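Take a look at the structure set out below.
Residue numbers begin at 1 in each chain, while the letters A, B, ... track the order of the sequences. From a predicted model like this one, the values you see are computed outputs, not experimental measurements. When reading the values below, keep in mind they use all heavy atoms of this one structure, side chains included, and skip hydrogens, waters and symmetry mates.
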Amino acid sequence: MVLEATMICIDNSEWMRNGDYAPSRFQAQADAVNLICGAKTQSNPENTVGVLTMAGKGVRVLVTPTSDLGKILACMHGLEIGGEMNLAAGIQVAQLALKHRQNKKQQQRIIVFAGSPVKHEKKMLEMIGRKLKKNSVALDIVNFGEEDEGKTEKLEALLAAVNNNDTSHIVHVPSGPNALSDVLISTPIFTGDGEGGSGFAAAAAAAAAGGVSGFEFGVDPNLDPELALALRVSMEEERARQEAAAKKAAEDAAKQEKGGEQPASSQDATMTERASAATSEAENKTTDLMDDENALLQQALAMSMDDPAISHDVKDTDMSEASASDPELALALQMSIADSTKDQASQSDMSKLLADQSFVSSILASLPGVDPNDPSVKDLLASMQNQPEPKEKNDDKPSDEEEKK
Amino acid sequence: MSGESASAIHKGQVDLLDFIDWSGVECLNQSSTHSLPNAIKQGYREDDGLHLESDADEQLLLYIPFTQVVKLYSVVIKGPEDEGPKTVKLFSNKEHMGFSNVSDFPPSDVANLSEENLKGKPVLLKYVKFQNVRSLTIFIEDNQSGSELTKVQKIVLHGTTVETTDMKGLKKIEDH
């Protein structure tokens with residue numbers, strides 16, 4: 001939020017025709033300039049930005065420091081490439097333009113895009129740097145484009161001469177897949193000495209590439225903390241679930257887990273989003289092994305006796321987050337967890353539910369390709385009925401757990 | 001009459017420290033560790049361990065605005081023998097000067113500091129030039145030994161404020 005007047009020095013020399021920065025060096029530079037102008041004017045409405053070109057026929061000021069973003073962006077159009085960059089003259093003219101700024105309270109800053117070779121002597125650059133420091137002008141250097149021998153050294157020397165308390169920075173941007181502006185967004189040039197511009201930077205990053213984002217999940221925790229939290233939690237659950245699935249897969253590669261997973265997920269109907277990943281996993285396996293459903297179904301049901309322990313762990317992590325937001329959801333979760341905590345050792349509520357024949361038959365009816373009237377399925381259901389007692393115990397427990405919590 | 005009014009004003013001169021507008025005080029080419037408050041502020045300036053130091057070269061440009069219009073009578077600049085300031089130019093009511101335009105205007109006064117001055121002897125200024133001062137710019141051009149750094153330990157400004165002086169002045173005139 002520092003009140004600042006900035007002059008941006010653009011390199012529009014012949015070296016900028018090169019395409020090693022997509023689409024061309026000059027275009028990458030123009031994008032970066034647009035972003036910087038936006039960031040500066042947004043971080044403080046009284047900030048002013050001016051632009052000048054260093055090559056061409058000579059140093060030319062395109063727009064004097066102004067807070068009108070439209071004017072600045074407009075002047076970037078129709079720029080011609082040609083000539084050689086005159087770094088020293090460019091910086092000096094920038095300093096002069098800043099001296100005549102309207103609001104004398106603004107801090108002075110020059111941002112230089114050095115894309116072509118630097119033909120000045122190191123001594124001369126150091127003198128310029130000292131003069132800038134004396135007049136308390138900060139300097140940011142973007143070293144990109146041509147990798148001339150000694151260029152880096154000269155620019156570093158210039159920075160050392162100017163730098164006063166780390167207000168000046170240099171950024172070296174090698175050519176590569178990343179756009180120039182994306183690389184710059186994470187540098188102090190954008191973030192303004194470690195504060196201020198991060199919000200804009202995150203938004204710009206999300207808009208620009210859609211890839212690298214300042215914040216996880218592309219959501220700013222400042223703007224929407226609940227959403228950011230929910231996204232983070234679901235990511236963790238997904239990881240936990242994937243680990244569990246990997247474990248299961250390791251234990252029995254060919255077995256079908258759909259039967260076990262689906263009752264578990266339907267039981268937690270309110271948590272469909274979180275269980276959706278698990279069900280989709282299960283459903284994928286379902287489609288693959290549709291042929292031998294009945295045999296596999298039996299295996300799956302047997303498996304589900306062991307499985308719920310794992311899936312309940314996943315539910316445990318969900319509970320703490322969900323109870324914060326939705327009391328009804330919390331209640332449902334508590335019921336399911338109450339069952340699991342009591343019975344994890346031997347029995348699971350899965351088997352209790354499966355003992356409820358009507359429930360099981362309704363589940364089986366919903367499963368694609370399974371006919372409840374199939375004799376093998378009926379036999380299985382009959383075996384389930386031999387465990388009626390544990391179910392009654394289970395009914396008392398959820399109410400106890402509810403009252404406690 | 002002028003002598004009497006001069007002596008009356010001389011008696012009434014105060015340290016203008018209280019009338020400095022601190023929000024607008026600026027100093028160009030000062031070192032970040034040894035800054036202007038060390039030389040001007042009450043308490044800091046008395047401490048010989050704290051001083052104002054120049055950074056990139058030996059010149060310093062100080063800008064001191066006042067909360068009201070003042071008349072400047074004399075100035076005390078204390079510093080070390082060799083690195084203390086030598087040629088000091090004062091500009092009245094020139095805002096936001098830079099090193100590039102110090103030579104564009106003639107200074108309101110120039111002080112060539114001697115060793116005694118550096119020990120605390122006040123420099124009497126051309127009073128007529130400083131009758132109506134809203135802001136003061138002090139340009140320290142070089143130092144005693146010509147070294148790369150200039151050090152200043154204390155700067156005190158003596159003078160009077162315009163409003164209060166006028167009342168006293170009127171009274172004196174009526175008496176005679």
### Message
Is it the case that over 12 heavy atoms from other parts of the model lie below 6.0 angstrom from the CD atom of Q131(B)?
### Response
yes
### Query
So, D57(B) and K134(A), do they make that salt bridge, N to O below 4.0 Å?
yes
### Query
Would the number of heavy atoms belonging to other residues, nucleotides or ligands and lying under 6.0 Å from CD of E46(B) be above 12?
yes
### Inter-residue atom distance S136(A).OG - E26(B).CD, 0.5 Å rounding
7.5 Å
### Query
For K151(A), does the NZ atom sit with more than 12 other heavy atoms under 6.0 Å from it, leaving out its own atoms?
yes
## Note on the structure
Under 4.5 Å to a heavy atom of chain B? For N165(A) that would be side chain
#### Entry: Neighbour count above 12 (heavy atom, 6.0 Å) for K105(A) NZ
no
### Task
Working to the nearest 0.5 Å, report the span between NZ of K99(A) and CE of M97(B).
9.0 Å
### Task
Using a 4.5 Å cut-off on heavy atoms from C-beta on, say whether the side chain of N29(B) contacts that of K133(A).
no
### Message
Within a 6.0 Å radius of atom CD on E141(B), are there more than 12 heavy atoms belonging to other residues, nucleotides or ligands?
### Response
yes
